[in-house]
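Report on one structure; see the data block that follows.
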Amino acid sequence: YPPRGITSVCIDSREVRPGALFVALEGSVQDGHSFAAQAFEAGAAAAFVCRDALNSSLYKLRETAGRFGAVLLAVPDTLRALQDAARVYLEKFPGLVRIGITGSSGKTTVKEIAAAMVGTERKTVMNPGNLNSETGLPLAVFSVRDFHEVGIFEMGMNRFGEMEELAAILKPRIALITNIGTAHIGILGTKDAIAKEKKSVFSQFSGTETALIPAYDEYAQYLAEDIDGKVVYFGPGEMREFQGATDLGLQGMEMIWEGSPVRFGLPGQYNLLNALAAAAIAREVPVSAEAIRRGLESVRPLFGRSEIISGPVTIIRDCYNANPEAVLEALSFADSVPWKGRRIYVIGSMLELGDYSVPAHEKIGEALASSGADAVYFFGEETGPAVEAFRRSAVSGQAEKAAVFYSGDMDELSRMLKGYVREGDLVLLKGSRGTALERLTDVLSLSPAEQKGACPSVS
Ligand code: ADP
């Protein structure tokens, strides 16, 4: 597989186009098998279905497939079949430079920057959005076409063993780890386990591949050990081409790359690291210094990642996702912006942290108490320990007192914020995807009448 003549591969029957291979996956909510007949009606040329799941209805589905001239392929495990198909599909492109990016934070950003750099000189394909999981990566792989020279793919994981499976599909020639943090620690238990899991991105190496390692990460040495290939470190002190950066606050920074200045529009120290990670990929491909500079110049923030929305109130919309390290990065960035008005930090729950959730939120609460915030709004019940830690730190005199609010309800939070913000404020939105803090964007985009509104007193 995949069977001949297949034009696309999908797992959602609503996306089936004529000639598609439909893969019936059993999700936690829906079972794809219930949609197989619909997929055939929409023109699917073939479907992977699970042998066991179908015992009762296999006969009927085979009949439906036959009626539409389609092929029904009953396999032991449809997810496995999808992954195998992706692996076999990629083998048809031996000349493609395959690049894999993993790490706790920054995968999508590094992928986008790297693709902007490499794409200026080489025909490049990357996973759309963040299709990076055990289903996402194989689906993304099917976007590779004959004319592509470089494929840049991010690889995420949610459970033990997943990274090795993804590496076996992609077999990256260049693999990069952005950093080791605590995202998904609820599943893997410890940071050591996360580092081990991420490190298996190199598991398919056979001597000729390149591992790109973040020199600044506390796990750098561990990540670089026993790799069957070349090891290259990246980071501010590691790359002779990088000759410094001037911070331009909300406007990003000006970097010097091989002697020439270049404007890079993503703000914050962590985005400098993301830019250097991407440059490490680009020079390994390789592409020219000019391509790297042009890539840096062309990058724009993606939805919810370091987006700056200017208006009477300036919003740092960084709420695509959150984990402890990402929140600390966001706070230090928001603190570092030269700003005359008030700073208001809206912090949503950090999810998927398991037993680590309470200490992680406490740490965030303490960090906020000593941050530059004039007011902090916590949102979501997981932030309870953060509120407590914030109050404790503030009382113990470690910090100047900022106003603090809590709500578990978006409507209430919106009302509170609407009554509080005024022209000239800087508002940071940071929280996990599940908290969807972008819902506050409209509330924060003040109407002209509200711009002059007085600020209600706060306690
Ligand atoms: P991922 O794809 O790994 O989830 P993204 O590139 O989508 O990461 O960025 C998501 C969020 O992670 C950003 O909004 C930012 O807050 C944080 N982030 C991005 N890069 C880094 C980094 N290098 N270090 C720490 N946090 C980061």
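Counting convention: from 1, in listed order, for ligands and their atoms alike. We use all heavy atoms of the structure for the numbers below, so side chains are in, but hydrogens, waters and symmetry mates are not. All values reported here derive from a predicted model rather than from experimental measurement.
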- Is it the side chain, the backbone, both or neither of Thr109 that has a heavy atom closer than 4.0 Å to ligand 1?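 Both of them.
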
- Fit a plane to each ring of Phe242 and Trp257, take the angle between them on a 0 to 90° scale, and name the class: parallel (under 30°), tilted (30 to 60°) or perpendicular (over 60°).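 Because their plane-to-plane angle lies in the 30° to 60° range, the rings of Phe242 and Trp257 count as tilted.
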
- Query: Relative to each other, are the rings of Tyr320 and Phe303 parallel, tilted or perpendicular (30° and 60° limits)?
  - Reply: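 Because their plane-to-plane angle is over 60°, the rings of Tyr320 and Phe303 count as perpendicular.
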
Heteroatom proximity flag, [X] to ligand 1, N/O under 3.5 Å:
X      : value
Gly103 : no
Asn321 : no
Asn274 : yes
Asp318 : yes
Asn271 : no
Glu329 : no

For [atom], what is the closest protein heavy atom, and at what distance to 0.1 Å?
atom                    : result
atom 8 (O) of ligand 1  : Gly106 N, 2.9 Å
atom 27 (C) of ligand 1 : Ser105 CB, 3.4 Å
atom 4 (O) of ligand 1  : Lys107 NZ, 4.0 Å
atom 10 (C) of ligand 1 : Arg305 CG, 4.2 Å
atom 17 (C) of ligand 1 : Ala326 CB, 3.6 Å

- Item | Check: Phe405 ring centre within less than 6.0 Å of Tyr377 ring centre |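 For Phe405 and Tyr377, the ring centres are under 6.0 Å apart.
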
- Query: Are Lys430 and Tyr345 in a cation-pi contact, defined as NZ or CZ under 6.0 Å from the six-membered ring centre and within 45° of the axis?
  - Reply: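 Ring-cation test returns no.
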
- Message: A cation-pi test, strictly: NZ or CZ of Arg342 under 6.0 Å from the centre of the six-membered ring of Tyr420 and no more than 45 degrees from its axis. Yes or no?
- Response: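 That pair qualifies as a cation-pi contact.
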
- Item | Passing candidate, side-chain contact (heavy atoms from CB on, under 4.5 Å) with Arg263, options Arg293, Gln251, Met253 |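 When side-chain contact (heavy atoms from CB on, under 4.5 Å) is applied between Arg263 and each of Arg293, Gln251, Met253, only Gln251 qualifies.
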
- For ligand 1, which atoms have a heavy atom of Asn179 less than 4.0 angstrom away?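 Listed by number with element, the hits are 22 (C), 23 (N), 24 (N).
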
- Any side-chain heavy-atom pair from Arg145 and Val125 closer than 4.5 angstrom?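 Arg145 vs Val125: side chains apart.
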
- State if Lys430 counts as touching ligand 1 under the rule of any non-hydrogen atom under 4.0 Å.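 Heavy atoms of Lys430 do come under 4.0 Å of ligand 1.
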
- Item | For Ile177 against Pro214, the heavy-atom pair lying closest together |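 Of all heavy-atom pairs spanning Ile177 and Pro214, the closest is O-CD, 3.1 Å.
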
- Carefully, step by step, assess Arg159 and Glu197 under the rule salt bridge (charged side-chain N to carboxylate O under 4.0 Å, His left out). CA-CA 9 Å; Arg159 60 168 171 80; Glu197 180 65 23; over 6 Å; no

